[in-house]
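Contents: one structure, followed by commentary.
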Amino acid sequence: QVQLVESGGGLVQAGGSLSLSCAASGRTLGTYDMGWFRQAPGKEREFVASVSWSGGVTYADSVKGRFTISRDNAKNTVDLQMNNLKPEDTAVYYCNLYFSTRNSYWGQGTQVTVSS
């Protein structure tokens, strides 16, 4: 029903910046939240940031003050601006689109690697 494609991952030095983008296509009808999760090797997937349909944002404590999430409802996109990156930010970042617990979709993931 819904397809999500992430882009913008890469390799950066500690203290650097990256911007991730996610584009949704398919049957994106109605209102929905969008967000970002990440998963490091050997770790569980964790919440990073989310933005509601109306624009309300939530951040994990670990990224608060460094990351900024935004969305464009008309284009069905969500972005994540990541500043002052740290080695512990290294992970595969996944885009999420949430209608309900029964209707939630994930992108394929994009790798972010922060070297020291």
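Because only heavy atoms are used, hydrogens play no part in the values below, and waters and symmetry mates are left out as well, while side chains stay in. All values derive from a computational prediction rather than experimental measurement.
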* Asked: Are any of the side-chain heavy atoms of Val78 and Trp36 separated by less than 4.5 Å?
  -> yes
* Asked: Residues two or more places apart in sequence or in another chain: which of them pass ring pair (Phe, Tyr, Trp, His ring centres under 6.0 Å) with Tyr105?
  -> none
* Structure fact -> Using a 4.5 Å side-chain heavy-atom cut-off and chaining through intermediate ILVMFWY residues, the residues clustered with Phe37 come out as Phe47, Val92, Tyr94, Trp106
* Structure fact -> Rounded to the nearest 0.5 angstrom, the CE-OG distance for Met82 and Ser19 is 7.5 Å
* Asked: Does a side-chain N-to-carboxylate-O contact under 4.0 Å join Asp61 and Lys64?
  -> yes
* Decide yes or no on side chain to side chain contact (heavy atoms under 4.5 Å, CB included) for Val112 and Arg38, but give the supporting numbers first. => CA-CA 9 Å; Val112 171; Arg38 67 188 183 187; over 6 Å; no
* Asked: Hey, does the side chain of Glu6 reach the backbone of Cys95 with a donor-acceptor pair shorter than 3.5 angstrom?
  -> yes
* Are side-chain N/O atoms of Ser52 and Asp33 paired as donor and acceptor at under 3.5 Å? -> no
* Find out if a path of hydrophobic residues (ILVMFWY) with successive side-chain heavy-atom gaps under 4.5 Å connects Val57 to Tyr93. => yes
* **Over all atoms of both residues, closest heavy-atom pair of Phe67 and Tyr59** => O-CE2, 3.3 Å
* Over all heavy atoms of both residues, which pair between Ala40 and Ala91 is shortest? Give the atoms and the distance, please. => N-CB, 3.8 Å
* In terms of hydrophobic clustering (I, L, V, M, F, W, Y; side-chain heavy atoms under 4.5 Å; direct or indirect links), are Val48 and Tyr98 co-clustered? -> no
* To do: Kindly give the heavy-atom pair with the smallest separation between Ala24 and Met34, and that separation in Å.
  => CB-CE, 4.5 Å
* Is there a donor-acceptor contact under 3.5 Å linking the side chains of Asn76 and Ser25? -> no
* Asked: Under 6.0 Å from the CD atom of Glu44, do we count more than 12 heavy atoms belonging to anything else shown?
  -> no
* Minimum heavy-atom separation for Asp89 to Val114, with atom names? -> CB-CG2, 4.3 Å
* To do: Apply salt bridge (charged side-chain N to carboxylate O under 4.0 Å, His left out) to Asp72 and list each qualifying residue two or more places apart in sequence or on a separate chain.
  => none
* Asked: In terms of side-chain heavy atoms, does Gln81 have a donor or acceptor partner in Asn83 at a distance below 3.5 Å?
  -> yes
* Asked: Which heavy atom in Ser21 sits nearest to a heavy atom in Asp79, and how many Å separate them?
  -> OG-OD1, 3.1 Å
* To do: Starting at OG1 of Thr68, measure out to CG of Leu80 and round the result to the nearest 0.5 Å.
  => 8.0 Å
* Asked: Between Leu85 and Leu11, is there a shared hydrophobic cluster once you connect ILVMFWY residues whose side-chain heavy atoms come closer than 4.5 Å?
  -> no
* Are any side-chain N or O atoms of Arg71 and backbone N or O atoms of Ser50, one a donor and one an acceptor, separated by less than 3.5 Å? -> no
* Which heavy atom in Ser104 sits nearest to a heavy atom in Asn96, and how many Å separate them? -> OG-ND2, 2.9 Å
